[in-house]
Amino acid sequence: MINDSVLDTIGRTPVVRLNRLRVDNGSEILLKLESRNPAGSVKDRTALSMVLEAERDGRLKPGGTIIESSSGNTGKGLALIGAARGYRVILVTDPKAPSSMVEYVSAFGAELEIVKEPDETGYQRPRLNRVRELLAATPGAFWPNQYDNPANPKIHADQTAYEILDDVGQFDALVAAVGTGGHISGLAETLKKKLPEMVTVGVDAKGSRAFGFPYETWLMRGLGIAWKPENLQTELVDRVHLVADHEGIATSRLLARREGLLVGESAGAAVFGALHFAHHNPGSRIVAVAPDDGGNYLGESYDDEWLRAHGLGDAVAALATTELLVAAAQEPAWPSMTLEQVSRLVTSG
């Protein structure tokens with residue numbers, strides 16, 4: 001097949017069955033590998049959807065400027081799209097952004113603005129403030145605003161969900177990480193219409209405020225947020241599973257070593273949540289989403305020295321075999337809960 005543009009290769013990502021990281025009770029975990037998109041993540045779909053929508057309604061003119069806050073995959077997707085479609089791209093990030101991301105977007109010609117002063121919850125809000133300043137100083141610039149842009153979940157409702165239905169057909173549960181809320185909300189919107197009995201499990205970082213829990217710091221990247229994003233439709237989420245750093249990171253490392261799948265930390269968290277669901281639902285068929293590949297994390301969670309420096313060495317080592325990890329998923333640090341249980345916990349403080 002000959003594609004007219006690299007952007008035509010976004011989507012139609014494969015689904016892979018896990019053969020070793022599994023619960024031996026007749027359940028099945030299927031992993032949708034969004035790393036197969038050209039910039040390496042599910043955010044390629046989101047970025048393209050937001051750009052095309054802005055082109056259609058006139059918010060983004062030919063040769064215009066795209067300004068967005070990102071320390072990872074959205075920035076990579078926008079940098080690639082900007083190069084392919086002739087846009088200037090300015091990415092607002094912070095000192096914690098991995099060098100692999102900085103080098104990647106720079107290769108496409110994207111410009112970087114570094115926010116150096118965090119607030120009490122980190123860099124996310126100060127970065128957004130800097131985006132607003134740059135928009136005011138750049139007439140005609142377009143801000144995708146991935147957290148609140150309805151084109152984010154829409155692409156997953158219109159495209160990604162149907163890919164899963166085409167490839168998998170019937171299944172019992174969708175497990176997806178919560179970041180901007182885009183892919184879990186969009187997927188659930190369509191899949192629940194087609195599969196009314198399907199359970200949606202939102203996997204989030206312990207410390208994230210997406211579902212109203214008190215803010216705490218966490219290390220995993222690709223999930224968790226310091227506020228509730230507009231794109232997160234909580235009414236479409238049946239269960240919430242807060243995953244600890246060591247659980248998600250240990251899972252991503254074992255996916256590489258036991259399944260040959262080099263994936264990111266949010267994928268590890270999603271698979272850990274899928275293992276937990278499988279333990280408590282024998283015979284179930286579960287689809288989990290792997291948002292990105294592990295290339296961004298080789299100098300972090302795949303590096304033993306980095307783990308030790310961040311106080312995770314012993315905890316991750318304690319889950320270093322398939323048997324230990326699968327057993328830990330049965331009774332994790334924070335078992336999944338219904339939205340009603342979440343509400344009671346949040347209300348009680």
Side-chain angles (χ1 to χ4, degrees), residues 11 32 34 41-50 52-54 68-70 73-74 77 124 128 143-165 168 171-213 215 222-243 266-267 269-270 273-274 277 286-291 334 336-347:
K32 187 159 178 63
E34 289 297 293
S41 86
V42 69
K43 295 298 182 71
D44 290 9
R45 298 180 191 259
T46 303
L48 183 61
S49 176
M50 294 187 296
L52 293 179
E53 184 67 21
E68 180 62 292
S69 166
S70 177
N73 291 317
T74 298
Q124 287 175 320
L128 293 175
W143 177 22
N145 191 9
Q146 59 176 318
Y147 302 104
D148 301 340
N149 191 327
N152 177 348
K154 186 176 187 300
I155 190 63
H156 301 296
D158 293 348
Q159 181 191 81
T160 320
Y162 286 98
E163 292 178 17
I164 293 173
L165 290 168
V168 179
F171 59 98
D172 302 295
L174 169 73
V175 184
V178 176
T180 65
H183 76 270
I184 189 171
S185 298
L187 289 173
E189 179 183 343
T190 294
L191 293 174
K192 281 184 169 295
K193 291 175 183 175
K194 301 295 184 180
L195 304 172
E197 302 303 314
M198 185 199 75
V199 175
T200 304
V201 181
V203 170
D204 204 10
K206 178 66 170 64
S208 168
R209 295 209 63 207
F211 291 97
F213 289 104
Y215 177 83
L223 72 168
I225 191 169
W227 66 91
K228 180 186 179 297
E230 290 296 323
N231 278 329
L232 176 59
Q233 301 175 52
T234 54
E235 70 276 9
L236 296 174
V237 179
D238 299 300
R239 303 190 69 85
V240 176
H241 187 165
L242 302 181
V243 174
S266 57
F277 187 91
I286 306 157
V287 173
V289 180
W334 292 275
S336 75
M337 60 195 89
T338 65
L339 280 185
E340 182 180 352
Q341 291 171 316
V342 169
S343 179
R344 288 202 300 268
L345 278 173
V346 170
T347 302

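What you see is a predicted model; the values in this text were computed from it and never measured. In this chain, numbering begins with 1 at the start of the sequence shown.
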Heavy-atom nearest pair, A288 first then A274, reads CB-CB, 4.4 Å
Ignoring hydrogens and angles, state whether a donor on the side chain of R239 or S336 is under 3.5 Å from an acceptor on the partner side chain.
yes
State whether E189 and K194 are salt-bridged, where the test is any N-O pair (Lys NZ or Arg NE/NH1/NH2 against Asp/Glu carboxylate O) under 4.0 Å.
no
Look only at the side chain of H156 and the backbone of I184, and say whether a donor-acceptor pair between them is shorter than 3.5 Å.
no
Output yes when a side-chain donor or acceptor of E68 lies under 3.5 Å from a complementary backbone atom of Q146, and no otherwise.
yes
salt_bridge(K192, D238) N-O dist < 4.0 Å
yes
Is there side-chain contact between Y215 and R209, with heavy atoms separated by less than 4.5 Å?
yes
Would you name the heavy atoms of E34 and P291 that are closest together and state the gap between them?
CB-O, 3.5 Å
Any donor-acceptor pair under 3.5 Å linking the side chain of K228 with the backbone of L232?
yes
Any side-chain heavy-atom pair of T347 and S343 under 4.5 Å:
yes
Mind checking side-chain hydrogen bond (donor to acceptor under 3.5 Å, both in side chains) for Q233 and listing every partner two or more places apart, or none if nothing turns up?
none
Side chain to side chain contact (heavy atoms under 4.5 Å, CB included) test vs V175 passes for just one of T200, I286, V199, namely I286
Any heavy-atom pair between the side chains of L242 and F213 that's under 4.5 Å?
yes
Hey, is the main chain of P144 close enough, under 3.5 Å, to the side chain of N149 for a donor-acceptor pair?
yes
Under the 3.5 angstrom rule, does the side chain of S185 hit a backbone N or O of G181 as a donor-acceptor pair?
yes
Would you indicate whether the side-chain heavy atoms of I225 and Q124 approach each other to under 4.5 Å?
yes
Which pair of heavy atoms, one from V342 and one from F211, lies closest together, and at what distance?
CG1-O, 3.8 Å
Where the side chain of S49 meets the backbone of A151, is there a donor-acceptor pair that is under 3.5 Å apart?
yes
With a 4.5 Å limit on heavy-atom distance, are the side chains of V289 and L174 in contact?
yes
Any side-chain heavy-atom pair of D204 and V178 under 4.5 Å
yes
Please confirm whether the backbone N or O of S70 pairs with a side-chain atom of T74, one donor and one acceptor, at under 3.5 Å?
no
Any non-hydrogen side-chain atom of E53 less than 4.5 Å from a side-chain atom of M50?
no
Is the shortest side-chain heavy-atom distance between K32 and I164 below 4.5 Å?
yes
So does Y147 get a backbone contact from the side chain of N231, meaning a donor-acceptor N/O pair under 3.5 Å?
yes
D148 versus P229, closest heavy-atom pair with distance:
OD1-C, 4.4 Å
